[in-house]
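Structure first, then comments.
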Amino acid sequence: QVQLVESGGGLVQPGGSLRLSCAASGFTFSTSAMGWFRQAPGKEREFVAHISSGGSTYYADSVKGRFTISRDNAKKTVYLQMNSLKPEDTASYYCAARFRGVIESSGSYPYWGQGTQVTVSS
């Protein structure tokens, strides 16, 4: 049973920081690429960040320089460090696993978590 469980979301003020975690189980994490997506109400799901099995990273332009994706294979966990948060970052954030396909396409990710809500507001 494949499972991805996100945590770390919450309410934060503009300019603040959060670190999201995604704990993986049920598949070979160390050889899997991982990604983060987000979706705000009324909007399409949006690619945020990607990390390959070898540690190479790729980010959406909207978060580049502010967010950092990382992984700990021993803990089977992928992280998203979110700094300098803006109200437009408010969304439900989803962790996903990829084995092949276009990095930015949600269809390339067969496994998804349930999401964790991030709200950036004063």
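Linking ILVMFWY residues whenever their side-chain heavy atoms come closer than 4.5 Å, directly or via other members, leaves V78 and Y58 in distinct clusters. Both L85 and Y59 are part of a single hydrophobic cluster, where members link through side-chain heavy atoms under 4.5 Å apart. Both L18 and L4 are part of a single hydrophobic cluster, where members link through side-chain heavy atoms under 4.5 Å apart. Taken together through direct or relayed side-chain contacts under 4.5 Å among Ile, Leu, Val, Met, Phe, Trp and Tyr, I51 and Y93 form part of one hydrophobic cluster. Both V2 and M34 are part of a single hydrophobic cluster, where members link through side-chain heavy atoms under 4.5 Å apart.
Separating the CZ atom in F99 from the OG1 atom in T31 is a distance of 7.0 Å, to the nearest 0.5 Å. With values rounded to the nearest 0.5 angstrom, S106 atom OG is found 12.0 Å from E46 atom CD. Considering CG of L20 and OG1 of T77, their distance stands at 12.5 Å, rounded to 0.5 Å. Going from atom NZ of K76 over to atom SG of C22 covers 13.0 Å, rounded to the nearest 0.5 Å. Summarising the geometry, atom CD1 belonging to I69 is positioned 11.5 Å from atom OG belonging to S56; distances are rounded to the nearest 0.5 Å.
Counting only heavy atoms from C-beta outward, the side chains of T57 and F67 never approach each other to under 4.5 Å. Taking the side chain as every heavy atom from C-beta outward, S30 and T28 approach each other to under 4.5 Å. Two residues are said to be in side-chain contact when any heavy atoms from C-beta on lie closer than 4.5 Å; D89 and R66 meet this criterion. With contacts defined as side-chain heavy-atom distances shorter than 4.5 Å, the pair H50/S52 qualifies. For the pair I103 and S108, the minimum side-chain heavy-atom distance is 4.5 Å or more. Taking 4.5 Å as the limit, some side-chain heavy atom of W36 sits within range of a side-chain heavy atom of C95. E88 has its side chain out of reach of S62: every pair of non-hydrogen atoms, C-beta onward, lies at least 4.5 Å apart. With a 4.5 Å cut-off on side-chain heavy atoms, L80 and R38 do not count as touching.
A donor-acceptor pair is defined here as one N or O able to donate and one able to accept, closer than 3.5 Å; no such pair exists between the side chain of S92 and the backbone of Q39. Put simply, the side chain of E6 gets close to the backbone of G115: a donor and an acceptor are under 3.5 Å apart. Side chain of Q114 to main chain of V5: no donor-acceptor pair is present (N/O by atom type, distance under 3.5 Å, no hydrogens or angles).
The aromatic ring centroids of Y94 and Y109 lie 6.0 Å or more from each other.
Relative orientation of the Y111 and F27 rings is tilted, given thresholds of 30° and 60° on the angle between their planes.
Other residues, nucleotides and ligands contribute more than 12 heavy atoms inside 6.0 Å of the CD atom of Q117. Residue E44 qualifies as open at atom CD: its count of foreign heavy atoms under 6.0 Å is 12 or below.
Tested against T90, the residues V118, V12, T119 include a single side-chain contact (heavy atoms from CB on, under 4.5 Å) partner, T119.
The side-chain tip of R71 points at the ring of F29 from less than 6.0 angstrom away and within 45° of straight on.
Nearest heavy-atom pair across A91 and A40 is CB-N, 3.9 Å.
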Full working for side chain to side chain contact (heavy atoms under 4.5 Å, CB included) between S121 and L11: CA-CA 7 Å; S121 176; L11 176 64; 4.3 Å; yes
